[in-house]
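The structure appears right after this line, and notes come after that.
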Amino acid sequence: PYWPMLKSADLAIIVCANLRGYQGSNKDFFIQDCAAATQNILIAAEGLGLGAVWLGCYPTEEGPKGVRRILEIPGDIIPFSVISVGHPAEHATPHPEIVPERVHYDKY
């Protein structure tokens, strides 16, 4: 119910964290690792002329539970994000403006 665009998507990619044997110095670094992987997939999709949307999954309880159930993902694997991929109906232009109040130098 949270991601209706998946019904018409050509593809969905699920980025998951497998903490068994995780090599990071702190297991919570999986959040940064999965976020970076998700962002890289979005950039690659754009480079291929595809549209992609990052659909948040972790850290809510309901998102991972539903994804885990539908895809039969084991309980020790954490579904982090869902990426909806397809051919875009339109190409939105980026917002190039910089908001001066949000830019800080040397200190916040």
Side-chain angles (χ1 to χ4, degrees):
Y2 304 108
W3 308 316
M5 70 284 296
L6 285 175
K7 291 179 182 177
S8 61
D10 296 316
L11 170 73
I13 299 171
I14 314 301
V15 175
C16 296
N18 181 349
L19 299 183
R20 285 179 279 153
Y22 185 76
Q23 298 299 311
S25 60
N26 182 318
K27 287 200 186 245
D28 285 340
F29 282 136
F30 84 86
I31 297 168
Q32 288 92 329
D33 294 339
C34 288
T38 302
Q39 184 65 35
N40 287 337
I41 293 168
L42 295 172
I43 291 168
E46 175 70 21
L48 293 170
L50 299 171
V53 179
W54 180 337
L55 306 169
C57 189
Y58 181 87
T60 68
E61 281 187 38
E62 190 146 333
K65 188 182 346 176
V67 170
R68 184 177 278 123
R69 180 182 47 77
I70 292 167
L71 299 176
E72 300 179 11
I73 297 172
D76 56 343
I77 305 295
I78 301 171
F80 178 80
S81 63
V82 177
I83 304 168
S84 176
V85 182
H87 296 278
E90 61 184 58
H91 288 280
T93 55
H95 302 284
E97 66 274 354
I98 295 174
V99 181
E101 303 83 52
R102 294 184 181 174
V103 178
H104 305 277
Y105 297 94
D106 299 326
K107 60 184 175 180
Y108 197 87

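- Residue Tyr105 is grouped with residue Ile98 when hydrophobic side chains (ILVMFWY) are merged at heavy-atom distances under 4.5 angstrom, including chains of intermediate members.
- A distance of 9.0 Å separates CD1 in Ile31 from CG in Asn26, rounded to the nearest 0.5 Å.
- Across all non-hydrogen atoms, the minimal contact from Ala52 to Ala45 is CB-CB, 3.8 Å.
- No side-chain heavy atom of Val67 sits under 4.5 Å from any side-chain heavy atom of Tyr58.
- Heavy-atom minimum distance, Lys27 versus Phe30: O-CD2, 2.9 Å.
- With a 4.5 Å cut-off on side-chain heavy atoms, Ile78 and Cys16 do not count as touching.
- In this structure, Leu55 and Ser84 have side chains that are in contact, with non-hydrogen atoms separated by less than 4.5 Å.
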Legend entry - Steps toward side-chain contact (heavy atoms from CB on, under 4.5 Å) verdict (Asp76, Leu19): CA-CA 7 Å; Asp76 56 343; Leu19 299 183; over 6 Å; no
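- The shortest heavy-atom contact between Arg68 and Pro79 is NH2-CD, 3.3 Å.
- One finds the CG atom of Asp10 at 5.0 Å from the NE2 atom of His87 (value rounded to the nearest 0.5 Å).
- Under the 3.5 Å distance criterion, the side-chain polar atoms of Arg20 are left unmatched by any main-chain donor or acceptor of Ile77.
- Rounding to the nearest 0.5 Å places CD of Gln39 at 14.0 Å from CD of Gln32.
- In this structure the side chain of Leu71 reaches within 4.5 angstrom of the side chain of Ile14, judged on heavy atoms.
- Between Val82 and Leu6 the shortest side-chain heavy-atom distance falls below 4.5 Å.
- The aromatic rings of Phe80 and Trp54 are tilted relative to each other, their planes meeting at an angle between 30° and 60°.
- Linking Ile, Leu, Val, Met, Phe, Trp and Tyr whenever their side-chain heavy atoms come within less than 4.5 Å puts Ile70 and Ile73 in one cluster.
- Residue Cys57 holds its SG atom at 10.5 Å from CD of Glu62, rounded to the nearest 0.5 Å.
- More than 12 heavy atoms of other residues, nucleotides or ligands shown are found within 6.0 angstrom of CD on Glu97.
- Summarising the geometry of His104 relative to Arg102, their closest heavy-atom pair is CD2-O, 3.6 Å, with the distance given to 0.1 Å.
- Transitive grouping of hydrophobic side chains (ILVMFWY, heavy atoms separated by less than 4.5 Å) keeps Ile43 and Ile13 in distinct clusters.
- Atom CD1 of Ile83 sits about 9.0 Å away from atom CG of Leu11, to the nearest 0.5 Å.
- Around the CG atom of Leu48, the shell of radius 6.0 Å holds more than 12 heavy atoms that belong to other residues, nucleotides or ligands.
- In this structure, Asp33 CG and Thr38 OG1 are separated by 10.5 Å, a value rounded to the nearest 0.5 Å.
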